[in-house]
Amino acid sequence: MNGNRLRLGLFGANCSSGRTYASLPERWDASWENNLRLAQMADEIGIECMVPIARWRGYGGASNPNGSSFESIAWACGLLAATRRLRVFCTVHVPLHHPLVAAKQMATGDHIGRGRLGVNIVCGWNEDEFQMFGVTKKEHDARYAQGEEWWSIVKRIWAGEDRFDYEGAYYQLHAVEGAPRPFGDADPPMMNAGSSEAGRWFAIRHSDLHFDAVETPEASTPRIAETKRLARERGRDIQVWTPVGIVCRPTQKEADDYLEHVVDHADWDAIGYLAGLHAKEGRRQTDPQLLVHSGHNPLARRALARGSYCVIGDPDAVVREFARLQAAGLDGLAINFVDYLKELPYFAAEVLPRLQRLGVR
Ligand SMILES: Cc1cc2nc3c(=O)[nH]c(=O)nc-3n(C[C@H](O)[C@H](O)[C@H](O)COP(=O)(O)O)c2cc1C
C-alpha cells in the first residue's frame, strides 16, 4: 500500500448488489465487464485496493443480495492481470479451503499481479454456508484457533520451507511442500475483519490490516489506538481500516433524498434474514423501531452498507467525515457505492482532490 495517510479501497464489487440490501433498479450488477471497468478506473485514479466478499449463497428477499458472486481468488487473478498498480485482495474461508490448495492459488495470483495480491482471512460465521458445504461450524473461538494453524501452514509453505510435517489440533499433514513462493519472495499483506475479541486478537498477532466496526469515530478512537499498541508491543505494525457506505451528491439534499430512496426500497426480508444469521452468532442487534432517514441510523446503514458506517452528503461533507475517521486513527476506508461504476467518477472528481488539499492523500 502506498504512503497516503488515508488509504481507500473498494469493497464488495464481486457480489451482486454489493453491500446494499435494497430492491433498487440500479443495484449493482456484478458482471465481469463491470468489475473489470471498475478495477481499471480504480487503478487509474489511484485507489489503493479492492476487497471482495467471499459469499456462497445470497440473503434471499426480492433482491437476493450477493446471490451471484465471483469466487474471489479467480476474480483477483483476472483483475490483477488487467491492472498495473491496484492491490487486489482475495477473501478465503479457513474452514472451506485447504491451506495447501489456497497457498498455491494465492501464490499464483501474486505472480500474476507481480506482488499485488492481498489476502483476507475469514474464519466463518454463516451457518447456512457451513451446512451447504457439509462442514460443522465450530464454536466461535475455535474457528480462530483453526485460522491460526491455517495461516501458519500457509506461511511456512510460502517461506519455502523444506518438506515439513504439521501436527496441529486441526491439521495433521505430512511432508508438506509447495512452490513457487509468492512473487519476489515477499508474503502478500494479510487482513482480517474479526470484530470479536478472538477475531481482533487474531489480527493483532498475525494481520497487517485489521478491519474494525465503527459506531462513531470518536467512540472508536481508544480501541483503534489500543489495537495498534498491542501489535507494536509484539513487534508488529498494523493498519486499522473500516468499511464505509457512501452517498455523495452535489448537494446535501440530493444525498439525503437518495438515501431516502434507498431506504424506501430496503429489502427487509433479506435484512431480516441476515439479522437472524447474526442472532445465531450472538452478534449485537439494532432496534427495528429506530428507523429515521439518516446515514447514522442503524437501519439506514443496513440498507446501504450492511450495517457499516455511512457517509451521506455533498463532497465537502464527505471530506469532513473522512477527516473525522482519519483523526480517529483509521489508516484506510473500504468504501462501497450502490452503483460503483456510476458513482466513482463523481467521487474521484470532487472528493479525491479535496482529500489531497487536506493533505491526507
Ligand atoms: C471488511 C470486512 C470483510 C469481511 N469479509 C467477509 C467475507 O468475505 N466473508 C465472510 O463470510 N465474512 C466476512 N466478514 C466477516 C468477518 O470475517 C467476521 O466474521 C465478522 O466481522 C464477525 O467478527 P468475529 O468473527 O470476530 O465474530 C467481513 C467483515 C468485514 C468487516
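Order of appearance sets the numbers: ligands from 1, and atoms from 1 within every ligand. Computed from a predicted model, the values in this text were never measured in an experiment.
- Without hydrogens or angle criteria, K137 side chain to W125 main chain gives a donor-acceptor distance under 3.5 Å.
- Ionic pairing of R37 and E44 is not present here: no N-O contact between side-chain nitrogen and carboxylate oxygen is shorter than 4.0 angstrom.
- Contact between N126 and ligand 1 is absent, with no heavy atom of the residue lying under 4.0 Å from the ligand.
- There is no path of hydrophobic side-chain contacts, each under 4.5 Å, that joins L230 to L330.
- Ligand 1 has no nitrogen or oxygen under 3.5 angstrom from a nitrogen or oxygen of V122.
- Across C15, A54, S196, heavy-atom proximity to atom 8 (O) of ligand 1 is greatest for A54.
- Under a 4.0 Å heavy-atom criterion, W241 is not in contact with ligand 1.
- Listed by number with element, the atoms of ligand 1 under 4.0 angstrom from any heavy atom of S195 are 21 (O), 22 (C), 23 (O), 24 (P), 26 (O).
- Checked by distance only, ligand 1 and Y144 come closer than 3.5 Å through their nitrogen or oxygen atoms.
- Ion pairing of R116 with E48 is absent here, as no side-chain N (NZ or NE/NH1/NH2) approaches a carboxylate O to less than 4.0 Å.
- Ranked by closest heavy atom to atom 31 (C) of ligand 1, the top entry among A193, A198, G199 is A193.
- Heavy-atom proximity to F211, at under 4.0 Å, picks out these atoms of ligand 1: 1 (C).
- With salt bridges taken as basic N to acidic carboxylate O contacts below 4.0 Å, one links E321 and R324.
- Shown in contact with I53 at under 4.0 Å from a heavy atom are these atoms of ligand 1, numbered in order with element: 7 (C), 8 (O).
- Within ligand 1, the atoms closer than 4.0 Å to a non-hydrogen atom of F11 are 1 (C), 2 (C), 3 (C), numbered from 1 in the order shown.
- For the residue pair S308 / R19, a side-chain donor-acceptor distance below 3.5 Å is found, with atom types taken as modelled.
- Here the rule is ring-ring contact (aromatic ring centres under 6.0 Å, His included) with W151, and of F202, W158, Y144 only W158 fits it.
- Residues K253 and D257 are paired through a salt bridge, judged by an N-O separation under 4.0 Å between the basic side chain and the carboxylate.
- The aromatic rings of W56 and H93 sit tilted relative to each other, their planes meeting at an angle between 30° and 60°.
- Residue contacts with ligand 1: C123 is placed with no nitrogen or oxygen under 3.5 Å of a nitrogen or oxygen of the ligand (distance criterion only).
- The shortest heavy-atom distance from A334 to ligand 1 is not under 4.0 Å.
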Inset, instruction - Evaluate the criterion salt bridge (Lys or Arg N to Asp or Glu O under 4.0 Å) for residue pair K155 and E148; output intermediate values, then yes/no. - result: CA-CA 10 Å; K155 293 272 282 186; E148 298 212 351; over 6 Å; no
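- In this structure, E129 falls outside the shell of residues with a heavy atom less than 4.0 angstrom from ligand 1.
- Close approach to G194 involves these atoms of ligand 1, each under 4.0 Å from a residue heavy atom: 23 (O), 24 (P), 26 (O).
- At least one donor-acceptor pair closer than 3.5 Å links the side chain of R236 to the backbone N or O of H206.
- By the 4.0 Å heavy-atom criterion, R200 is excluded from the residues contacting ligand 1.
- At least one heavy atom of H140 sits less than 4.0 Å from an atom of ligand 1.
- The ligand atoms of ligand 1 that sit less than 4.0 angstrom from a heavy atom of H93 are 9 (N), 10 (C), 11 (O).
- Contact annotation: for T91 versus ligand 1, heavy atoms closer than 4.0 Å belong to the side chain alone.
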